[in-house]
Number of protein chains: 2
Amino acid sequence: MLKNPVVLLDLVNRLANLMRSEYRRIGGEDGLQPVHVLALMFLEQANRFSNTPQALAEYLGLTKGTVSQSLLLLDRRGLIERYQDEIDRRVVRLRLSPQGEAFLGEANPAGLWQMATREISANRVRYSVSVLRTILYELQNFSGGPSFGVCNTCVYCQRKSQRIHHCTWFGERLSGPETRKICREQVPKTGSLSASD
Amino acid sequence: MLKNPVVLLDLVNRLANLMRSEYRRIGGEDGLQPVHVLALMFLEQANRFSNTPQALAEYLGLTKGTVSQSLLLLDRRGLIERYQDEIDRRVVRLRLSPQGEAFLGEANPAGLWQMATREISANRVRYSVSVLRTILYELQNFSGGPSFGVCNTCVYCQRKSQRIHHCTWFGERLSGPETRKICREQVPKTGSLSASD
DNA sequence: GTCTTTAGTATTGAATCGATATTAAAATTT
DNA sequence: AAATTTTAATATCGATTCAATACTAAAGAC
């Protein structure tokens, strides 16, 4: 007897397995493993508070030592750049190199997914996003890690005017595009969690 | 700029990463890797047309050689049993051993997930299941593998009477409990795909 | 100024994983 | 019916991931 939440878990597992195969296929041509493709995808989306090895390790659910190795490889291949943080000099910042961006542009790891979701209405996608986001938030509550949500759905993200946003967590101004990236400190607004049934 | 389907993909990836960590934590006490826990979970749910190494390989998105190694380990640990198919003697059938069932019962790999989804209404879960199932079906259309859905949502599953179901694909009778397991040949009914918006 | 904490890296060993080759049974063709 | 091809699964091997441990360096606490 299969209860519905378990069916949902099974679907998430299986979808992730399928996409993992896709990442393997895509990365294989360049000698990259699935985890490398996932890392590049993360760096493409991470905002400036979340582009560190530590954040990536939490996102992937791996140890920082393991992730350090993967980053070494990506660095050797010239797909990412590493630079020291100005203020806290222990912190390493990561960004995609032009080659890294070119790789993502050509390989397009989400392409298969986009084809598969093409026929699904925006409403249904939005609704599912809201449900999965709730689960993610609850999961991280129980297991202690950050939830990595999109900035503009966060309680700390305040809209000051047409173009200016402000993060009350980090106490910094945010540009419009920045608020559409992924942040490790994101805490979802209750509004964005309980979409109408 | 993040489009909504990509946000959904990101959520699926991240949820799967988190659950993978959970599987690692749970299996670690018994020296099992995440992939072993996933395999046991699959065998718990697979119906009698889908309990083979081949099907497991397709489910996990790995090669059959790789999966063969994992099964060897699970067999050595006494967590699964392998037996030959009566009719096609190339085929190996797999099932959980009593120890395997005991492990899943105690470790409860989906426990964290069930806690995280406890507060989410059955409607919202059902709706999300329907959306993800559609995506899974589309994904497998593009990439060629089977979709592994629950039997009773399949076009081939015919209800003959109160208790008797019939699979028009394999041409065999199915018991009620069997129709709630996962099948590799499942093709979702259109009804179960397009839940109302 | 010492101690503790935190971010990241190096090293090592176990385990996954794919590629290739092989075995054995079934299906197909001639 | 014999030969060929296909299919399910396993064995071997080498490359790669990954965790564990130890380590360095910077920041923060006392």
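A note on names: the letters A, B, ... follow the listed sequences, proteins ahead of strands, and every chain is numbered from 1.
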Can you check each nucleotide of nucleotides 24-29 of chain C against protein heavy atoms at under 4.0 Å and return B for base, S for sugar-phosphate only, - for none, in 5' to 3' order? -BS---
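With sequence neighbours left out, the side chain to side chain contact (heavy atoms under 4.5 Å, CB included) criterion links A:Thr66 to A:Leu62, A:Thr63. Taking A:Arg95 as the reference, A:Glu81 meet the salt bridge (Lys or Arg N to Asp or Glu O under 4.0 Å) condition, with sequence neighbours excluded. Residues meeting the salt bridge (Lys or Arg N to Asp or Glu O under 4.0 Å) test with A:Asp75, sequence neighbours left out: A:Arg82. With sequence neighbours excluded, the residues satisfying side chain to side chain contact (heavy atoms under 4.5 Å, CB included) with B:Gln84 are B:Arg89. Shown here are the salt bridge (Lys or Arg N to Asp or Glu O under 4.0 Å) partners of B:Arg93, two or more places apart in sequence or in another chain: B:Asp85. Take B:Arg76 and apply the side chain to side chain contact (heavy atoms under 4.5 Å, CB included) test, not counting sequence neighbours, and it matches B:Leu72, B:Leu73. Every side chain to side chain contact (heavy atoms under 4.5 Å, CB included) that B:Pro53 has, sequence neighbours left out, goes to B:Leu71, B:Val92, B:Leu94. Contacts of B:Tyr59 classified as ring pair (Phe, Tyr, Trp, His ring centres under 6.0 Å), with partners at least two apart in sequence or in another chain: B:Phe42, B:Phe148. B:Arg90 pairs by the salt bridge (Lys or Arg N to Asp or Glu O under 4.0 Å) definition with B:Asp88, not counting sequence neighbours.
B:Arg124 places a side-chain heavy atom less than 4.5 Å from the side chain of A:Ser130.
Residue A:Glu58 contributes atom CD, which lies 17 Å from atom C1' of D:dA19 at whole-angstrom precision. Between the P atom of D:dT7 and the CG atom of B:Asp85 lies a distance of 17 Å, rounded to the nearest Å. The OH-C1' distance, from A:Tyr83 to C:dG8, rounds to 16 Å in whole Å. Here the P atom of nucleotide D:dT17 and the CZ atom of B:Arg24 are 13 Å apart, to the nearest Å. Put simply, CG on A:Leu38 is 13 Å from C1' on D:dT17, counting in whole angstrom units. For the pair A:Leu94 CG and C:dA7 P, the computed distance is 14 Å after rounding to whole Å. In this structure, CG of A:Leu56 is placed 13 Å from C1' of C:dG8, rounded to the nearest angstrom. To the nearest angstrom, P of C:dA14 lies 20 Å from CG of B:Asp30.
Near DNA chain D, meaning a heavy atom under 4.0 Å from it, residues 59-82 of chain A has A:Leu62, A:Thr63, A:Thr66 in order of number.
In terms of phosphate contacts, B:His36 brings no side-chain nitrogen or oxygen within less than 4.0 Å of OP1 or OP2 of C:dA15.
Under a cut-off of 6.0 angstrom, the local environment of CD in B:Gln99 is crowded, with over 12 non-hydrogen atoms contributed by other residues, nucleotides or ligands.
Axis deviation across the helix from C:dG1-D:dC30 to C:dT30-D:dA1 amounts to 30°, comparing end segments of five pairs, rounded to 10 degrees.
The 5' end of DNA chain D is approached more closely, in terms of each residue's nearest nucleotide, by B:Ala55 than by the other of A:Gln33 and B:Ala55.
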